[in-house]
Amino acid sequence: MDDRQLDLMLKESFNLDVDDQAHVLDGMEGRVLEKIQPQSLDLMLKESFEIDVQARAHVLEGMEDRVIEQLLEQPAEKTSNRWSLFPRLPQLNLNFAMAGAFAIVIFLVGNMVGDFWGSPFGGPDQDYQGVTFVVAIPEANSVEVVGDFTSWQPQSMTRDDNGVWTLAFDLDPGRYEYAFVIDGQEWKPDPLADEYVKSYNSTNSVRYVSSEGETS
Amino acid sequence: MTMKTVLALVAVVLLAASQAFAFADENDVNNLIDSSSISSAAKGTVAQGFLLGIDQGRLTADTAFSFIQQIENSGGDVADRQTILLTVAQTLLNDTPVEMLINKGGEGLARGLQLNVIATEIVERQQTLLEVKTMLNQKGISIQQQQNGPGFPRVSVDAAVTDIATVLENHVRSGNNPNDGSLLAASLTTMQRDGRITSDLLQTLTSVLTEGELAGIANNISNRL
């Protein structure tokens with residue numbers, strides 16, 4: 001008889017024994033539970049837990065001191081500055097923050113500039129009209145506009161490649177006196193003015209601005 | 001760059017901008033007049049006039065401050081400075097617009113003229129403004145003192161007075177004949193182009209203004225020059 005045949009015989013014998021004793025296992029779980037009362041189960045669990053706690057009691061000795069010691073050893077968070085008075089800002093994308101801040105600055109400064117050049121003699125702000133002043137003086141090094149709409153403070157014009165100087169203003173409808181100042185010295189009337197008037201023994205140009213458009 | 005840096009930069013820019021475009025207020029105007037070189041007696045009238053004008057909305061505190069400062073810094077004779085400031089103040093106390101006077105003052109300074117030349121021009125033009133304003137008042141054109149009350153808005157009446165005075169002054173100073181019959185048409189055209197004058201005031205002016213009365217004021221201008 002070889003080993004393989006022996007294994008097969010033992011296996012068949014084991015299966016026969018199991019089959020013969022299988023009836024013993026039927027209903028065993030129920031019979032065990034009937035023997036153990038609920039009170040005695042609780043008692044058994046409690047005793048088992050107390051034994052475990054007593055076995056581990058030495059671990060709890062000095063735990064509070066050890067926890068405090070560990071906390072002190074950890075590095076403190078950076079909260080000790082004036083910004084901590086305010087609620088923490090969410091971690092925004094700084095590009096958005098920069099763009100927002102820039103927009104606020106532009107808005108506020110724009111308002112200030114707008115107020116600065118607003119109507120100096122009071123009254124309600126009216127519908128501003130874009131008015132462009134144009135003069136061709138190729139030989140000039142600088143050309144400025146002065147007028148009652150600039151409080152007679154010179155405003156530099158921009159030169160193009162052909163020597164044409166331009167500058168635009170937003171003006172209320174009305175009548176405006178002005179002149180061009182060439183190279184910071186010579187006052188000249190505008191050849192394209194609506195009319196001319198004498199002022200201080202010189203000539204001022206006059207531009208009318210209507211509510212519909214640049215000039216009437 | 002942290003959020004703190006961004007906020008700090010915004011604060012710095014706003015502070016710089018607010019300094020660059022700082023507006024003067026009535027206290028600044030008052031303090032400037034108080035520290036000016038004009039006589040103590042004149043200071044009271046000048047302050048009273050300018051502050052009334054600011055309060056009525058005839059000029060902004062910033063414009064008043066800038067004008068007084070320019071005159072003070074012009075380096076001219078104290079008497080001329082006082083004449084200019086007193087003339088503007090008295091015009092305001094007479095419930096009359098000063099836009100033309102301040103513009104002519106600014107223009108004279110920008111042209112680098114002597115202060116006495118500017119003072120003379122301002123006094124002459126003040127007379128014209130007062131005459132035009134009196135003429136309109138006599139025709140029942142006055143400034144509305146309260147909302148829905150009789151009269152016209154201050155801005156409109158002031159614009160009409162300024163426009164008519166400007167036309168008459170320019171006509172005479174340009175060497176034209178005060179009696180050439182063109183003053184009424186020129187005045188009405190200028191006022192029609194001025195967006196500040198309400199249509200009902202314009203209609204009233206068209207019906208009550210006469211060439212003869214305008215010519216009378218123009219002749220007075222001619223006599224003063």
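What you see is a predicted model; the values in this text were computed from it and never measured. Atoms considered below: every heavy atom in the structure, side chains included; atoms not considered: hydrogens, waters and symmetry mates. Protein chains get the first letters and strands the later ones, always in sequence-line order, with residue 1 at the start of each.
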Colleague: Using heavy-atom distances under 4.5 Å, tell me whether A/Ser199 contacts chain B through its side chain, its backbone, both, or neither.
Modeller: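 For A/Ser199, backbone and side chain are both near chain B.
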Colleague: Under 4.5 Å heavy-atom distance to chain A, tell me which part of B/Gln192 shows up: side chain, backbone, both or neither.
Modeller: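 Contact with chain A: none, neither part.
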Colleague: Output the option from B/Arg154, B/Met191, B/Arg111, B/Arg173 having the highest count of non-hydrogen pairs under 4.5 Å with chain A.
Modeller: B/Arg111
Colleague: Is the count of non-hydrogen atoms from other residues, nucleotides or ligands lying under 6.0 Å from A/Asp7 atom CG greater than 12?
Modeller: yes
Colleague: Sort by residue number and list every member of residues 175-184 of chain A having a non-hydrogen atom under 4.5 Å from chain B.
Modeller: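 Within residues 175-184 of chain A, the residues that come under 4.5 Å of chain B (heavy atoms only) are A/Arg175, A/Glu177.
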Colleague: Looking just at side-chain N and O atoms, do A/Glu195 and B/Asn170 make a donor-acceptor pair shorter than 3.5 Å?
Modeller: no
Colleague: Hey, does A/Tyr200 have a side-chain heavy atom less than 4.5 Å from the side chain of B/Val117?
Modeller: yes
Colleague: Is B/Gln144 atom CD crowded by more than 12 heavy atoms from other residues, nucleotides or ligands, each under 6.0 Å away?
Modeller: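 Count over threshold, so yes.
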Colleague: In terms of heavy-atom proximity below 4.5 Å to chain A, should B/Ser156 be classed as side chain, backbone, both, or neither?
Modeller: neither
Colleague: How far does CG of A/Asp172 sit from CZ of B/Arg196, to the nearest 0.5 angstrom?
Modeller: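 Spacing of CG (A/Asp172) from CZ (B/Arg196) equals 8.0 Å.
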Colleague: Can you tell which part of B/Glu121 gets under 4.5 Å to a heavy atom of chain A, answering side chain, backbone, both or neither?
Modeller: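 Just its side chain gets close to chain A.
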Colleague: For B/Ile118, is it the side chain, the backbone, both or neither that has a heavy atom under 4.5 Å from a heavy atom of chain A?
Modeller: both
Colleague: If I take atom CH2 from residue A/Trp187 and atom CD from residue B/Glu107, how far apart are they, to the nearest 0.5 angstrom?
Modeller: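 Between A/Trp187 CH2 and B/Glu107 CD, I get 5.5 Å after rounding to 0.5 Å.
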